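Please read all numbers here as calculations on a predicted model, not as lab measurements.
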Amino acid sequence: MRVLAAMSGGVDSAVAAARAVDAGHDVVGVHMALSKSRAEHRSGSRGCCSVEDGYDARRAADKLGIPYYVWDLSDDFEDTVVADFLSEYAAGRTPNPCVRCNEHVKFAALLERGLAMGFDAVCTGHYADLRDIDDGSGVRHELHRAANHPKDQSYVLAVMGKQVLGNVLFPLGDVPTKEQVRIEAAARGLGVSLKPDSYDICFIADGDTRGFLRQRLGENPGEIVDETGAVIGEHLGAFAYTVGQRRGLGLGIPAKDGQPRFVTKVDIETNRVHVGPAEALDVGRIIGGDTVWLAPDIDPATPLRAGVQVRAHGREIPATVRRDDDRLIIDLDEPLRGLAAGQSAVVYSGSRVLGQATVEETA
């Protein structure tokens with residue numbers, strides 16, 4: 001196959017590209033320039049897409065003996081991922097930009113361009129497992145959790161859609177530990193073998209999400225109120241808070257019972273942030289929209305037992321799931337604490353990803 005290897009400049013994508021070469025594919029490396037103001041260097045483990053990352057990706061491609069290009073996808077990234085991030089927070093929801101990046105950039109813009117240029121698949125360093133299942137009527141592609149459970153990224157990949165699964169490769173799906181990836185990179189002579197992982201939101205390199213939101217959305221002072229409606233603090237913009245948040249509230253009046261307070265609601269219409277005790281965050285039912293269902297062999301209109309994960313590295317919780325048109329109704333076996341509208345709820349059956357939906361309501 002002709003394979004387009006997305007090379008971020010990190011160790012995972014470099015080893016994934018190397019494995020694609022070993023598999024006999026005709027591989028071309030591409031580095032996606034996503035930021036409109038790329039920094040010269042990364043700040044430790046924060047951020048990505050710096051000029052330094054581009055150099056690291058080029059050196060890895062040279063070591064592998066494959067062609068290498070830099071594609072400027074900054075407009076796509078700004079118009080979809082960053083714009084969605086801002087609009088969701090402005091509406092009082094909490095988005096996951098990694099999910100949107102996979103949906104709109106890595107497995108939409110990149111794959112679309114690659115297919116138009118004659119490539120058969122896109123290869124990335126994500127930790128996820130793709131399986132081809134022959135059920136007698138043809139081959140079905142299934143997305144599963146990676147062998148490396150702590151690093152598993154199937155949660156942020158579920159949004160791809162079943163039509164994409166036949167055009168992607170995840171060569172690291174069977175690697176049980178990150179250390180083995182680094183050892184393999186060193187053995188191959190790849191200079192990124194000890195490079196630290198990136199984390200946090202890649203386009204907020206300093207980690208100050210609240211500052212980024214205020215810079216882009218401005219300030220809009222308002223009140224912070226407790227469960228009785230009493231004003232106990234002030235804020236500079238309700239959009240900068242998220243359900244379940246405990247730190248950074250700046251409350252001058254302690255709770256009567258001395259227990260910590262958490263954000264329980266962000267009301268954009270009144271510009272109020274509501275806080276309350278931890279137990280006020282408990283959720284038993286999730287209603288999700290914009291459903292992406294990856295399992296054509298399973299009809300979710302009939303209630304099914306499954307596991308549900310609502311955070312990138314969160315715990316999977318047993319639940320009963322059913323589909324109502326484009327919505328997923330999820331009844332959890334045990335309360336889930338601190339879930340915010342805008343997050344993704346991913347449905348699993350064992351290691352297999354069945355589908356995902358964006359949280360709209362909770363109860």
Next on the checklist: For the CD atom on E269, are there more than 12 heavy atoms of other groups (residues, nucleotides or ligands in this structure) within a distance under 6.0 Å?
Outcome noted: no
Item to check | Residue pair S351 / H144, side-chain donor-acceptor N/O under 3.5 Å | outcome: yes
Checklist entry - Do any N or O atoms from the side chain of D208 and from the backbone of I204 form a donor-acceptor pair under 3.5 angstrom? => result no
Next on the checklist: How long is the straight-line distance from CZ of F77 back to NZ of K106, given to the nearest 0.5 Å?
Outcome noted: 8.5 Å
Checklist entry - Side-chain heavy atoms under 4.5 angstrom apart, residues restricted to Ile, Leu, Val, Met, Phe, Trp, Tyr: same cluster for I232 and V266? => result yes
Checklist entry - With no hydrogens and no angle check, do the side chains of Q245 and R261 hold a donor and an acceptor under 3.5 Å apart? => result no
Checklist entry - Is a side-chain N or O of W293 found less than 3.5 angstrom from the main chain of A295, in a donor-acceptor match? => result yes
Item to check | Check: V168 and T124 side chains under 4.5 Å, non-hydrogen atoms | outcome: no
Next on the checklist: If we ignore hydrogens and angles and just use 3.5 Å, is the side chain of D132 paired with the main-chain N or O of V139 as donor and acceptor?
Outcome noted: no
Next on the checklist: Taking the basic N atoms (NZ, or NE/NH1/NH2) and the acidic carboxylate oxygens, is any pair closer than 4.0 Å for E103 and R100?
Outcome noted: yes
Next on the checklist: Using a strict threshold of under 4.0 Å (side-chain N to carboxylate O), is an ion pair present between D120 and R2?
Outcome noted: no
Checklist entry - How about Q180: does its CD atom have over 12 heavy atoms from other parts shown lying under 6.0 Å from it? => result yes
Checklist entry - How far apart are the C-alpha atoms of K256 and D226, what are their side-chain angles, what is the distance that settles it, and do they pass the salt bridge (charged side-chain N to carboxylate O under 4.0 Å, His left out) test? => result CA-CA 11 Å; K256 291 182 179 180; D226 66 13; over 6 Å; no
Checklist entry - Are the charged groups of R327 and E360 less than 4.0 angstrom apart, N to O? => result yes
Next on the checklist: For a 4.5 angstrom cut-off between non-hydrogen side-chain atoms, does L157 reach L143?
Outcome noted: yes
Next on the checklist: Let's go through V11 and E184 carefully: what are the C-alpha distance in whole Å and the side-chain angles of both, what is the deciding distance for side-chain contact (heavy atoms from CB on, under 4.5 Å) to 0.1 Å, and is it a yes or a no?
Outcome noted: CA-CA 10 Å; V11 62; E184 182 175 335; over 6 Å; no
Next on the checklist: Under a 4.0 Å threshold between the charged nitrogen and the carboxylate oxygen, would R19 count as salt-bridged to D174?
Outcome noted: yes
Checklist entry - Honestly curious: do L111 and F119 fall in one hydrophobic cluster under the side-chain, below-4.5 Å linking rule? => result yes
Checklist entry - Between H235 and G237, is there a donor-acceptor pair closer than 3.5 Å when you use the side chain of the first and the backbone of the second? => result yes
Checklist entry - Should the pair R311 and Y155 be classed as cation-pi, given the thresholds of under 6.0 Å to the six-membered ring centre and 45° from the axis? => result no
Item to check | Shortest non-hydrogen contact between R145 and D129, atoms and distance | outcome: O-CB, 3.4 Å
Checklist entry - At what distance, to the nearest 0.5 angstrom, does NZ of K195 lie from CZ of R182? => result 10.5 Å
Next on the checklist: Are F203 and F239 connected into the same hydrophobic cluster when the rule is that any two of I, L, V, M, F, W, Y join if their side-chain heavy atoms are below 4.5 Å apart?
Outcome noted: yes
Item to check | Heavy atoms of other groups near K178 NZ, more than 12 under 6.0 Å | outcome: yes
Checklist entry - Do Y127 and S154 pass the side chain to side chain donor-acceptor pair (under 3.5 Å) test, and can you show the C-alpha distance, the side-chain angles, and the key distance before you say yes or no? => result CA-CA 7 Å; Y127 287 87; S154 60; over 6 Å; no
Checklist outcome for this item: Closest non-hydrogen contact found for G233 with L251 is CA-CD2, 4.4 Å
Next on the checklist: Looking at D197 and K151, is any side-chain nitrogen of the basic one under 4.0 Å from a carboxylate oxygen of the acidic one?
Outcome noted: yes
Checklist entry - Is Q309 reaching over with its side chain to a backbone N or O of A312, donor-acceptor style, under 3.5 angstrom? => result yes
Next on the checklist: Apply side-chain contact (heavy atoms from CB on, under 4.5 Å) to residues T264 and E227 and explain how you reach the verdict.
Outcome noted: CA-CA 9 Å; T264 58; E227 60 270 35; over 6 Å; no
Item to check | Residue pair D56 / G9: nearest heavy atoms and the distance that separates them | outcome: CB-O, 3.5 Å
Checklist outcome for this item: So CG of N220 and CD1 of I268: to nearest 0.5 Å the spacing works out to 8.5 Å
Item to check | Option among V263, T94, T209 that satisfies the side-chain contact (heavy atoms from CB on, under 4.5 Å) test with T242 | outcome: T94
Checklist entry - Which heavy atom in L339 sits nearest to a heavy atom in V310, and how many Å separate them? => result CD1-CB, 3.8 Å
Next on the checklist: What I want to check is whether the side chains of D267 and T270 have a donor and an acceptor closer together than 3.5 Å.
Outcome noted: yes
Checklist entry - Between R131 and E142, is there a salt bridge with N-O shorter than 4.0 Å? => result no
Checklist entry - Quick one: OH on Y241 to CG on L236, what's the gap to the nearest 0.5 Å? => result 6.5 Å
Checklist outcome for this item: CD1 (I183) and OG (S193) are apart, to the nearest 0.5 Å, by 10.0 Å
Item to check | Check against side-chain contact (heavy atoms from CB on, under 4.5 Å), I298 and L354 | outcome: CA-CA 8 Å; I298 297 177; L354 301 184; 3.6 Å; yes
Checklist entry - Which atom names give the shortest non-hydrogen contact between L110 and M32, and what distance separates them? => result CD2-SD, 3.8 Å
Next on the checklist: Would H31 and D53 count as a side chain to side chain donor-acceptor pair (under 3.5 Å) here? Give the steps.
Outcome noted: CA-CA 9 Å; H31 178 73; D53 291 320; over 6 Å; no
Checklist entry - Taking NZ, NE, NH1 and NH2 as the nitrogens, is one of them in D297 or R352 under 4.0 Å from a carboxylate oxygen of the other? => result yes
Checklist entry - Near R247 CZ, under 6.0 Å, is it more than 12 heavy atoms from other residues, nucleotides or ligands? => result no
Checklist outcome for this item: Output for pair (I286 CD1, L332 CG), nearest 0.5 Å, gives 4.5 Å
Item to check | Test item: S13 side-chain N/O and S8 main-chain N/O as donor-acceptor pair under 3.5 Å | outcome: yes
Next on the checklist: Can a donor-acceptor pair be found, under 3.5 Å and without considering hydrogens, that links the side chain of D282 to the backbone of R337?
Outcome noted: no
Next on the checklist: Could you see if V347 belongs to whatever hydrophobic cluster contains V292? Use Ile, Leu, Val, Met, Phe, Trp, Tyr and a side-chain cutoff under 4.5 Å.
Outcome noted: no
Checklist entry - salt bridge (charged side-chain N to carboxylate O under 4.0 Å, His left out) between E219 and R210: does it pass, once the steps are laid out? => result CA-CA 11 Å; E219 293 187 356; R210 185 177 296 182; over 6 Å; no
